[in-house]
Amino acid sequence: MVSHHQGDNFYDGLPRETSFDHLTDLGRYTPLPDDWQIGVADIVNSTGEVAAGRYKTVNMVGAAVISAVMNALDGQPFPFVFGGDGAGFAIGPDEAAAAQQALAAVAVWARAEFDIGMRVALVPVADARTAGHDVQVARFQASPGADYAMFAGGGLLWAETEMKRQRYVVAPAAAGTIPDLTGLSCRWAHMKARNGKILSLVVAAMPEADAADVAEVYKQVIDVAEQLDRGGHPAPQVGMVSRWPPAGATLEAHAARGFGLLGAARRKALFEALVAWVLIRTGLKIGGFDARRYARVVADNADFRKLDDGLKMTLDCDAKTQTRLQAVLTAAADRGIVRFGMATQDEAMMTCIVPSILTDDHLHFIDGAAGGYTQAAAQMKTR
């Protein structure tokens with residue numbers, strides 16, 4: 001069991017922000033305690049994996065990091081962010097050992113199941129501060145049931161850079177180690193763009209830029225996106241669409257099988273997805289489970305925009321709005337405030353963490369269905 005001292009209640013005690021545009025205000029962020037650690041993970045050569053068409057696998061492995069840590073901490077809340085081809089999070093001193101084991105297990109599992117290489121690292125918050133970067137966090141209440149962490153201060157980005165320099169690296173676990181990925185799934189059909197294109201947008205501050213100038217650019221981008229229907233949310237308001245058989249059943253089986261057989265895990269995933277598909281189609285309810293309501297809550301709970309030492313958005317976007325966003329960002333880039341990347345595709349996709357279908361705290365990570373965040377970031381590097 002986790003012992004509880006002041007640090008454990010830190011994240012629980014943070015206020016929940018309900019307006020996303022308020023989160024560009026750095027006054028709404030709280031510095032993490034000095035004895036906390038930052039966890040970072042990313043897929044080696046994700047650009048190549050995406051180019052090879054493994055978008056869904058890349059997202060699943062990225063989300064697996066969050067799922068494994070959540071299960072290792074028995075559902076205790078902690079700040080995390082999904083990045084498409086990886087994830088970032090922070091944990092208190094009492095959780096560090098459990099988080100380290102979870103990271104080590106995911107790295108070995110990703111290689112064994114999918115032949116995907118992963119970098120994973122745990123970096124002391126104190127070291128980020130010594131290097132001149134703070135780690136501040138806020139909580140965004142996406143819906144009554146779900147909230148997501150937002151990061152500011154530059155420390156998360158610094159931790160990622162250090163990891164890529166082979167520092168603070170967590171060694172993979174012993175061969176055959178399986179992370180607990182209970183609840184990780186990807187059954188929903190891709191979400192087709194209704195307004196034109198699904199736009200994946202990644203914006204990051206230039207190192208020498210003034211924080212207030214950067215915040216102002218983020219605010220301008222968010223204001224433009226707010227003109228879109230529901231702020232550009234790619235998930236349909238009427239609820240998610242379930243197709244049979246679900247595209248992600250085999251991936252989900254890789255996450256769920258533990259030491260069991262892949263075929264059995266896939267059959268279970270297919271059966272559960274079939275039941276959900278029938279319930280959504282018919283409107284029937286089973287044992288208090290209302291599938292149609294669930295499909296609507298999924299959309300409400302999704303993380304289609306985030307601030308993680310940068311701004312990431314997956315928007316259902318028309319051409320005019322895309323041109324406006326491009327203009328705002330190009331002007332800011334010309335002034336040396338930010339750099340950015342954009343990628344468009346016809347659909348968005350979703351990877352989910354569902355502790356229980358009977359509660360509303362399930363989480364849904366959105367990315368462009370052609371590996372949007374990875375493609376946008378690659379474009380940003382070469383710009």
Q: Looking only at atom types and distance, does a side-chain atom of Tyr148 sit under 3.5 Å from a main-chain N or O of Ala302, one as donor and one as acceptor?
A: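 Flag not set: sc Tyr148 to bb Ala302 has no pair under 3.5 Å.
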Q: If you look only at pairs with a residue in residues 216-230, which of them pass as a side-chain hydrogen bond (donor to acceptor under 3.5 Å, both in side chains), with sequence neighbours excluded?
A: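 Applying side-chain hydrogen bond (donor to acceptor under 3.5 Å, both in side chains) to every pair that reaches into residues 216-230, excluding sequence neighbours, yields Glu226-Arg305.
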Q: For Lys197, which of Asp316, Thr344, Asp346 qualifies under side chain to side chain donor-acceptor pair (under 3.5 Å)?
A: Asp346
Q: Taking all heavy atoms of Asp12 and all of Arg139, pick out the closest pair and write down the distance.
A: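 For Asp12 and Arg139, the tightest heavy-atom pair comes out as CA-NH1, 3.6 Å.
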Q: Apply side chain to side chain contact (heavy atoms under 4.5 Å, CB included) to the pair Leu311 and Val217, showing each step before the final yes or no.
A: CA-CA 10 Å; Leu311 175 63; Val217 173; over 6 Å; no
Q: Do the non-hydrogen side-chain atoms of Tyr373 and Lys312 ever get within less than 4.5 Å of each other?
A: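 Result yes, sub-4.5 Å side-chain heavy-atom pair found.
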Q: Taking the side chain as every heavy atom from C-beta outward, state whether Leu325 and Val221 have any atom pair closer than 4.5 Å.
A: yes
Q: For Phe82, enumerate each residue passing the ring-ring contact (aromatic ring centres under 6.0 Å, His included) test, keeping only those at least two apart in sequence or located in another chain.
A: Phe365
Q: When you measure from the side chain of Asp300 to the backbone N and O of Ser143, does any donor-acceptor pair fall under 3.5 Å?
A: no
Q: Checking the side chain of Thr24 only, and the main-chain atoms of Asp21 only, is there a donor and an acceptor separated by less than 3.5 Å?
A: yes
Q: Less than 4.5 Å apart, side chain to side chain, heavy atoms only: is that true for Gln136 and Thr30?
A: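 Sidechains of Thr30 and Gln136: no contact.
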Q: Would you give the length of the straight line joining atom CH2 of Trp36 to atom CD1 of Ile91, rounded to the nearest 0.5 angstrom?
A: 8.0 Å
Q: Does Met313 reach the side chain of Ile222, with side-chain heavy atoms less than 4.5 Å apart?
A: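 SC-SC contact between Met313 and Ile222 confirmed.
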Q: Determine whether a donor-acceptor pair (N or O, by modelled atom type, separation under 3.5 Å) exists between the side chain of Asn59 and the backbone of Gly84.
A: yes
Q: Taking the side chain as every heavy atom from C-beta outward, state whether Val58 and Asp367 have any pair of such atoms under 4.5 Å apart.
A: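 Of all side-chain heavy-atom pairs linking Asp367 with Val58, none is under 4.5 Å.
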Q: Under the criterion side chain to side chain contact (heavy atoms under 4.5 Å, CB included), I'd like the reasoning laid out for Met150 against Phe20: C-alpha separation, chi angles, the key distance, then a yes or no.
A: CA-CA 10 Å; Met150 304 286 147; Phe20 186 75; 4.0 Å; yes
Q: With a 3.5 Å distance limit and no angle check, can you tell me whether Arg16 reaches the backbone of Ala142 through a side-chain donor-acceptor pair?
A: no
Q: Going by atom types only, do Asp85 and Ser46 share a side-chain donor-acceptor pair under 3.5 Å?
A: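 Short answer, yes.
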Q: Could you give the side-chain donor-acceptor pairs of residues 61-70 under 3.5 Å, partners two or more places apart or in another chain?
A:
none

Q: Which pairs with one or both residues in residues 301-321 pass ring pair (Phe, Tyr, Trp, His ring centres under 6.0 Å), sequence neighbours excluded?
A: His233-Phe304
Q: Between Asp35 and Pro93, is there a donor-acceptor pair closer than 3.5 Å when you use the side chain of the first and the backbone of the second?
A: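 Answer holds: no.
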Q: So, for Val135 and Ala128, which heavy atoms are closest and what is the spacing to 0.1 Å?
A: CG2-CB, 4.1 Å
Q: Side-chain contact test, heavy atoms from C-beta onward, threshold under 4.5 Å: evaluate it for Glu49 versus Phe114 and give yes or no.
A: no
Q: Taking all atoms of both residues into account, what is the closest heavy-atom pair of Ala370 and Val50, and its distance?
A: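 Taking every non-hydrogen atom into account, O-CG1, 3.5 Å.
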Q: Any side-chain hydrogen bond (donor to acceptor under 3.5 Å, both in side chains) involving residues 114-123? Give me the pairs, sequence neighbours left out, ordered by first then second residue.
A: Asp42-Arg119, Arg111-Asp115
Q: Is the closest side-chain heavy-atom distance between Thr351 and Leu184 below 4.5 Å?
A: yes
Q: Less than 3.5 Å apart, which donor and acceptor atoms pair up between the side chains of residues 155-164 and the rest of the protein, not counting sequence neighbours?
A:
{"unit_1": "Thr161", "atom_1": "OG1", "unit_2": "Leu157", "atom_2": "O", "d": "2.9"}
{"unit_1": "Glu162", "atom_1": "OE1", "unit_2": "Arg167", "atom_2": "NH1", "d": "2.6"}
{"unit_1": "Glu162", "atom_1": "OE2", "unit_2": "Arg165", "atom_2": "NH1", "d": "2.7"}

Q: Where do Pro236 and Met191 come nearest, in terms of heavy atoms and distance?
A: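 In terms of heavy atoms, the two residues are closest at CD-CG, 4.2 Å.
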Q: Quick check: closest heavy atoms across Asp127 and Tyr168, and the distance to 0.1 Å?
A: OD2-OH, 2.8 Å
Q: Gln345 side chain to Ile198 main-chain N or O, any donor-acceptor pair under 3.5 Å?
A: yes
Q: How many angstroms lie between CD in Gln37 and CG in Leu32, if you round to the nearest 0.5 Å?
A: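 Reported value, rounded in 0.5 Å steps: 11.5 Å.
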Q: Working to the nearest 0.5 angstrom, can you tell me the gap between Asn195 CG and Gln322 CD?
A: 12.0 Å
Q: Please determine whether side chain to side chain contact (heavy atoms under 4.5 Å, CB included) holds for the pair Val338 and Leu329, giving the CA-CA distance in whole Å, both sets of side-chain angles, and the decisive distance to 0.1 Å.
A: CA-CA 8 Å; Val338 298; Leu329 287 164; 4.3 Å; yes
Q: For the atom pair SG (Cys317) and CZ (Arg194), what is the distance rounded to the nearest 0.5 Å?
A: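 One finds 12.0 Å between SG of Cys317 and CZ of Arg194.
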Q: Taking the side chain as everything from C-beta on, heavy atoms only, tell me whether Leu181 gets closer than 4.5 Å to Trp109.
A: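 Yes - at least one pair of side-chain heavy atoms lies under 4.5 Å apart.
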Q: Side chain to side chain contact (heavy atoms under 4.5 Å, CB included), that's the test. Do Ile43 and Thr374 meet it? Break it down for me.
A: CA-CA 10 Å; Ile43 288 171; Thr374 300; over 6 Å; no
Q: Quick check: closest heavy atoms across Ala378 and Thr47, and the distance to 0.1 Å?
A: CB-CG2, 3.9 Å
Q: In terms of ring plane angle, is the pair His362 and His364 parallel, tilted or perpendicular, where the classes change at 30° and 60°?
A: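 Aromatic pair His362/His364 classed perpendicular.
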